[in-house]
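Every number for a ligand or one of its atoms is a count from 1 in the order of the listing. Below, all heavy atoms of this structure are taken into account, side chains as well, without hydrogens, waters or symmetry copies.
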Amino acid sequence: MNKYLVGAENSNELTSMTAADLANKIHSREVSSVEVTQAHLDRIGDIDGDLHAFLHVGTEQALAAAEDVDKRIAAGDIPSALAGVPLALKDALTTTDAPTTAASKILEGYMSPYDATVTAKIRAAGIPILGKTNMDEFAMGSSTENSAFGPTKNPWDIERTPGGSGGGTSAAIASGEAPLGIGTDTGGSIRQPAALTNTVGVKPTYGTVSRYGLIACASSLDQVGPTARTVLDTALLHEVIAGHDKFDATSVDRPIAPVVAAAREGASGDLKGVRVGVVKQFDREGWQPGVLEAFHASVAQLKEQGAEVVEVDCPHFDDALAAYYLILPCEVSSNLARFDGMRYGLRVGDDGTRSADEVMALSRAEGFGPEVKRRIILGTYALSVGYYDAYYLQAQRVRTLIAQDFAQAYEKCDVLVAPTTPTTAFKLGEKVSDPMAMYNFDLCTLPLNLAGLCGMSVPAGLASDTQLPTGLQIMAPAFADDRLYRVGAAFEAGRG
Ligand code: GLN
């Protein structure tokens, strides 16, 4: 087996176990959190020089947190179901004890004065944070190649991308550098890298996980979510991070969907009575044959497990890409205005001879990468007088039509399914000079974010033509996140 993949011969047994199994062993004191955390730090030390999943590894902090939770467990106090199991955190979430850069030069070395709510929940759950993972700059991209600090490699083939923007987290999970990870999904950044690395990734319903302390990309689309190697592990982490937060104005005050119970129920593999809709628009001739073949085999398997499968028509999904790549830049152009070289991070040319405007211009010119600049310019243009109605408003209307397509589809089915991506992992460098090709790769994941619903990517086998991972995307209505876990766990059990 490839030395970068989880369970490789060069790795410690502790780095190939599920988070649920590790938690059991730690809580029964068969092994300590310090040992488990150290094993993962060693794995990072061994292979991350090649993979570059991490931008920052917090060795001392992780071990201190592990020691602390070991003491609590010894005293009979187990703070959560995942206490003691270490985690990789996307560098878009603030941490007081490690730099937060969102993979941008403009924030290089930036230390946040506060922890994101999700960071704080992870700490309170007794989960040691191994470090901060690589991503596309400000979460804009589909390959982590837009990171100002160099790309992450896919452990399945290090000449290929692990996807993006959360490629760092997914590569860490797939390689056994971490059993748990946190990502953010604005247009697919959790689900898409999960699909390309054979891991599980979930974008929870908008408003159910706090965005406080998440460096904003597009605020009406961004959502923090869990990743791991199994559906149950992902569910356990989901319950740690979800919940109402008064510091996030879009946070919803309602009970967390019972995702862990749903994952356990799904593990029986029985899907009798579950209605699954296959999205016609995402079962397209011309996509990679190996991906479609794996998808059709997945649908056949769901049927065998008792699901009732119907085809659903969502005509406006064809316009999701155009709408997304207008709405997102508009929000980006507003959100990123705060990076002005005055308040945070990089400041260029402030030598006493230049005006504040000149310093801002120089700082932004040097601090932002080309994709971020492209989107700021595009968004500023689309929001300007005379264009607002033609572009932004029109895109918002399309957004409503997409939400209506979903609503109609859910009258007939409990969940929808589609391939997570149109192809398996592409080569590093292949799409960097062609933004449209890069955007097109997000086709299957964007509609869900525009409608604010929830989705999961679960491993669906290797494509026969490339021998690389594919993902089955499961989508569910708002606040029905538990359905993802019920169906995802059943599918995982059915695959064996
Ligand atoms: N690839 C998409 C983009 O570039 C999605 C990114 C994300 O989900 N953060 O916008």
Of all the non-hydrogen atoms in the protein, which one sits nearest to atom 7 (C) of ligand 1, and at what distance?
-> S189 OG, 2.3 Å

For atom 10 (O) of ligand 1, grab the closest protein heavy atom and report residue, atom and distance to one decimal in Å.
-> Y324 OH, 2.7 Å

Does some non-hydrogen atom of M135 fall short of 4.0 Å from ligand 1?
-> no

Row check, F426 ring normal vs K431 NZ/CZ: under 6.0 Å, within 45° | yes

Looking only at distances, please establish whether an N/O atom of ligand 1 is found under 3.5 Å from an N/O atom of A139.
-> yes

Do R211 and T250 get their side chains close enough for a donor-acceptor pair, meaning under 3.5 Å?
-> yes

Please work out which of the three classes, parallel, tilted or perpendicular, describes the rings of F339 and F368, given edges at 30° and 60°.
-> perpendicular

Under 3.5 Å, is there a donor-acceptor pair linking the side chains of N449 and Y324?
-> no

Measuring from the heavy atoms of Y325, does anything fall under 4.0 Å of ligand 1?
-> yes

Is it the case that S251 and D245 place a side-chain donor and acceptor less than 3.5 Å from each other?
-> no

Taking R191 for the side chain and M456 for the main chain, is one N or O donor matched with an acceptor at less than 3.5 Å?
-> no

T184, any N or O under 3.5 Å of ligand 1 N or O = no

Ligand 1 atoms nearer than 4.0 angstrom to some heavy atom of G187 are 5 (C), 7 (C), 8 (O)

Using a heavy-atom cut-off of under 4.0 Å, does the side chain or the backbone of D442 touch ligand 1, or both, or neither?
-> side chain

Regarding T424 and Q288, is there a side-chain donor-to-acceptor distance under 3.5 Å anywhere?
-> yes

The answer for which part of F138 has a heavy atom under 4.0 Å from ligand 1 is neither

G164 N/O to ligand 1 N/O under 3.5 Å | no

Is the closest side-chain donor-acceptor distance between T144 and D136 under 3.5 Å?
-> no

Answer with yes or no whether G188 contacts ligand 1, where contact means a heavy atom under 4.0 Å from a ligand atom.
-> yes

Counting heavy atoms only, which part of S165 comes closer than 4.0 Å to ligand 1: side chain, backbone, both or neither?
-> side chain

Could you tell me if any non-hydrogen atom of Y439 lies under 4.0 Å from any atom of ligand 1?
-> no

Donor on one side chain, acceptor on other, N134 and T152, under 3.5 Å | yes

Looking at F479, does the NZ or CZ of R254 lie under 6.0 angstrom from its six-membered ring centre and within 45 degrees of the ring axis?
-> yes

Over 60° means perpendicular and under 30° means parallel, so classify the ring planes of F406 and F317, tilted if in between.
-> tilted

So is there a nitrogen or oxygen of K90 less than 3.5 Å from a nitrogen or oxygen in ligand 1?
-> no

Does R375 approach ligand 1 within less than 4.0 angstrom via side chain, backbone, both or neither, non-hydrogen atoms only?
-> side chain

Check each atom of ligand 1 against the heavy atoms of M140 and keep those under 4.0 Å away; list them by number with element.
-> 4 (O)

Numbered in order shown, the ligand 1 atoms found under 4.0 Å of a heavy atom of G141 are 1 (N), 2 (C), 3 (C), 4 (O), 6 (C)

